There are 2 protein chains.
Amino acid sequence: MIELRHLRTLAAVDETGSLTAAAERLHLSQSALSHQLKELEERLGLPLLDRAARPPRPTQAGARLLVLARTVLPLVDEALDGLRGLARGRAGRLFVASECHSCLEWLLPRLRHYRDRFAGVELDVLSSASLDPLPRLLDGAVDVVLSPDRRDLPGLAWTPLFAYEMRLVLAASHALATRARAEPQDLARETLLVYPVTRGRLDVFTRWLWPAGVEPGRVRTVESTAMLIELAALGQGVAVLPDWAVAHALTERRIATLRLGEGLNGTLYAAVRAAETRLPHVAGFLAVAAG
Amino acid sequence: MIELRHLRTLAAVDETGSLTAAAERLHLSQSALSHQLKELEERLGLPLLDRAARPPRPTQAGARLLVLARTVLPLVDEALDGLRGLARGRAGRLFVASECHSCLEWLLPRLRHYRDRFAGVELDVLSSASLDPLPRLLDGAVDVVLSPDRRDLPGLAWTPLFAYEMRLVLAASHALATRARAEPQDLARETLLVYPVTRGRLDVFTRWLWPAGVEPGRVRTVESTAMLIELAALGQGVAVLPDWAVAHALTERRIATLRLGEGLNGTLYAAVRAAETRLPHVAGFLAVAAG
DNA sequence: CGTTTGCATGAGGATTATTCATGATCGAAC
DNA sequence: GTTCGATCATGAATAATCCTCATGCAAACG
């Protein structure tokens with residue numbers, strides 16, 4: 001059937017005013033163009049050009065196809081430009097969703113770095129406190145999911161970003177601060193400061209307290225990591241946070257941290273669609289995030 | 001580069017939900033589709049489909065191309081439909097211009113006939129009293145030119161429609177009515193009734209009076225053929241008209257007609273663009289007009 | 001587990017596209 | 001009027017491509 005090649009040929013002939021010139025523009029021989037046109041005309045059963053006229057005049061049928069070419073070819077070229085941008089990391093979409101609440105603060109400085117290197121990429125961070133982000137990754141609503149638990153699903157590729165240790169955060173003056181490690185029972189009389197999410201999504205419950213059958217004395221929800229640390233420093237309660245999140249506050253000596261039992265370690269992973277791992281703006285994100 | 005074929009493939013895969021089904025719809029083997037997609041992906045340097053997912057999910061690049069396919073393919077199909085219509089005489093444009101004033105009345109009944117047989121054709125008659133219609137035929141503004149004088153230009157095809165004789169029209173009671181033929185000098189004292197156009201476009205001047213160096217006694221312009229005949233019948237003057245135009249009035253015996261000298265014969269021609277003579281709606285017009 | 005389904009791959013053949021060489025046509029220049 | 005140059009058409013040969021056949025592989029399903 002008809003192909004874009006034919007439309008490009010017609011447009012070139014119309015714009016240059018001769019088959020010869022059009023052939024040159026298209027890097028073809030004049031003969032190739034002549035054959036191509038003839039074959040198309042035969043297939044359609046319609047003449048497209050009046051070759052006798054100079055410059056060659058499109059017939060009614062030719063004019064109709066020219067209109068088509070004029071509307072279609074720019075659309076195609078535009079799309080191809082976009083794809084070239086994608087192929088070179090100069091365009092694309094990167095919607096990042098995180099299952100890990102405190103990770104957002106870890107993410108932001110890296111995202112600034114990423115934005116500098118991939119300026120053309122449409123970047124967004126979705127706080128998916130509610131919805132399970134993995135299905136949304138599969139159906140294309142987001143492009144990267146950050147999660148501490150790696151669930152291998154068909155079509156997904158997982159990349160470890162960094163290992164961390166969850167530590168008990170408490171005021172430097174707290175009675176437990178001198179201990180080498182904390183045990184679940186230690187929290188039975190404490191106020192536990194947590195993010196406002198369901199407990200099933202908090203490692204401190206799922207991997208530490210619940211297995212030991214312990215409930216904290218009180219639970220209080222706090223919006224931000226900074227506030228969590230602040231309240232812990234003031235002795236209003238204790239928190240469980242990844243080591244990197246409290247590294248800065250630790251140097252100020254207002255808080256102390258304890259290992260949880262044998263050590264509650266984890267790894268943050270990034271999931272992307274397997275088919276897109278090679279896309280520059282996706283691979284670039286993984287490199288920046290893991291680096 | 002990318003071709004419509006690729007867009008059709010992508011769209012088919014997206015709509016059917018599998019390569020195999022898409023191949024069937026496109027009357028290709030599954031293998032062909034697989035090769036085609038693979039080659040396109042390699043050429044673009046981008047994955048287009050996530051084959052692991054079921055149904056195969058378009059990647060960002062694939063989604064972009066799908067958007068393109070969804071906008072472009074309907075346009076192409078629409079155009080092809082139009083062309084098919086053209087090829088079968090069910091569509092097209094036929095703008096008719098006439099250099100011959102009295103021909104319009106000859107044309108109209110045939111045009112009605114034509115319209116019945118080529119219902120889809122956009123039909124129009126342009127009274128080009130002013131502009132020379134042949135250049136407009138060449139530049140595409142009109143599609144048929146009716147003219148009594150055939151000027152062969154490159155790219156034009158001429159078809160004789162019918163032969164006619166210009167005859168002197170006068171009242172049945174006119175003194176000259178019994179003569180066998182009229183001579184230019186006979187008009188020296190008569191009022192000549194003519195259409196309101198420059199004399200250079202009237203055969204009676206260019207082919208009869210001027211060669212003999214005769215001027216009519218008076219010249220009076222009249223808009224329509226019917227009025228021309230009416231005034232002649234009333235003895236208000238004489239006219240020169242093609243035989244067919246007065247055939248009807250002649251049967252009513254109110255007018256008589258004379259041969260002009262040896263006989264002022266002519267042929268009405270139709271000019272169309274040479275490349276379009278085979279188009280059904282053009283060839284159909286010529287057939288209807290000449291028949 | 002075997003069976004089915006969907007996709008990938010390699011090789012061979014068939015179809016298409018392109019080029020080369022040449023001829024026809026037309027207009028301009030001499 | 002002849003010659004030249006430019007443009008396009010054409011046929012044959014070649015190059016490129018596209019497609020199919022015959023497989024292989026992996027996941028899904030009973």
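Being a predicted model, the structure only gives us computed values, none of them experimental. Labels below follow one simple rule: chain letters A, B, ... track the order of the sequence lines, proteins then strands, and each chain is numbered from 1.
Annotation: ring-ring contact (aromatic ring centres under 6.0 Å, His included) contacts involving residues 267-287 of chain A, sequence neighbours excluded, comprise A:Y114-A:F285. Pairs of residues two or more places apart, or lying in two chains, that qualify as side-chain hydrogen bond (donor to acceptor under 3.5 Å, both in side chains) and include a residue from residues 38-47 of chain A are A:E39-A:R43, A:E41-A:R51. Pairs of residues two or more places apart, or lying in two chains, that qualify as side-chain hydrogen bond (donor to acceptor under 3.5 Å, both in side chains) and include a residue from residues 19-33 of chain B are B:E15-B:R25.
Within the 4.0 angstrom heavy-atom criterion, no nucleotide atom of any strand lies near A:L33.
Distance, B:E42 CD to C:dA8 C1': 12 Å, rounded to whole Å. A:E3 places its CD atom 14 Å from the C1' atom of C:dT15, with the value rounded to the nearest Å. Taking atom CE of A:M1 as the reference point, atom P of C:dT16 lies 12 Å away to the nearest angstrom. The CG atom of B:L28 sits 13 Å away from the C1' atom of C:dT15 (whole-angstrom rounding). Following rounding to the nearest Å, B:L40 (CG) and C:dA8 (P) show an atom-to-atom distance of 13 Å. Taking atom CD of A:E39 as the reference point, atom P of C:dT16 lies 8 Å away to the nearest angstrom. Taking atom CG of B:L48 as the reference point, atom P of C:dA8 lies 12 Å away to the nearest angstrom.
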Set out, line by line, the N/O atom pairs under 3.5 Å between protein and nucleotides 20-25 of chain C.
from: C:dC20; atom 1: N4; to: A:S31; atom 2: OG; distance (Å): 2.7

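In this structure A:R57 satisfies the salt bridge (charged side-chain N to carboxylate O under 4.0 Å, His left out) test with no other residue, sequence neighbours excluded. Partners of B:R150 according to the salt bridge (charged side-chain N to carboxylate O under 4.0 Å, His left out) rule, which considers only residues two or more places apart in sequence or in another chain, are B:D152. Applying the side-chain contact (heavy atoms from CB on, under 4.5 Å) criterion to A:A270, with sequence neighbours excluded, gives A:V144, A:L146, A:L161, A:L286. In this structure A:D149 satisfies the side-chain contact (heavy atoms from CB on, under 4.5 Å) test together with A:E99, A:S147, A:R151, sequence neighbours excluded. Applying the side-chain contact (heavy atoms from CB on, under 4.5 Å) criterion to A:A141, with sequence neighbours excluded, gives A:R136, A:D139. The salt bridge (charged side-chain N to carboxylate O under 4.0 Å, His left out) search around B:R88 returns none, not counting sequence neighbours.
Only at 4.0 angstrom or more do the heavy atoms of residues 9-27 of chain B sit from any atom of DNA chain D, so none qualifies.
Contact annotation: A:Q36 side-chain N/O to C:dT18 OP1/OP2 distance is under 4.0 Å.
Remark: aromatic rings of A:W106 and A:Y164 are distant, center separation not under 6.0 Å.
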For A:I2 and A:L65, what are the C-alpha separation, side-chain angles and deciding distance, and is it a side-chain contact (heavy atoms from CB on, under 4.5 Å)? CA-CA 10 Å; A:I2 194 174; A:L65 279 188; 3.9 Å; yes
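When DNA chain D is scanned in the 5' to 3' direction for atoms under 4.0 Å from non-hydrogen atoms of chain A, the outermost contacting nucleotides are D:dT7 to D:dA12.
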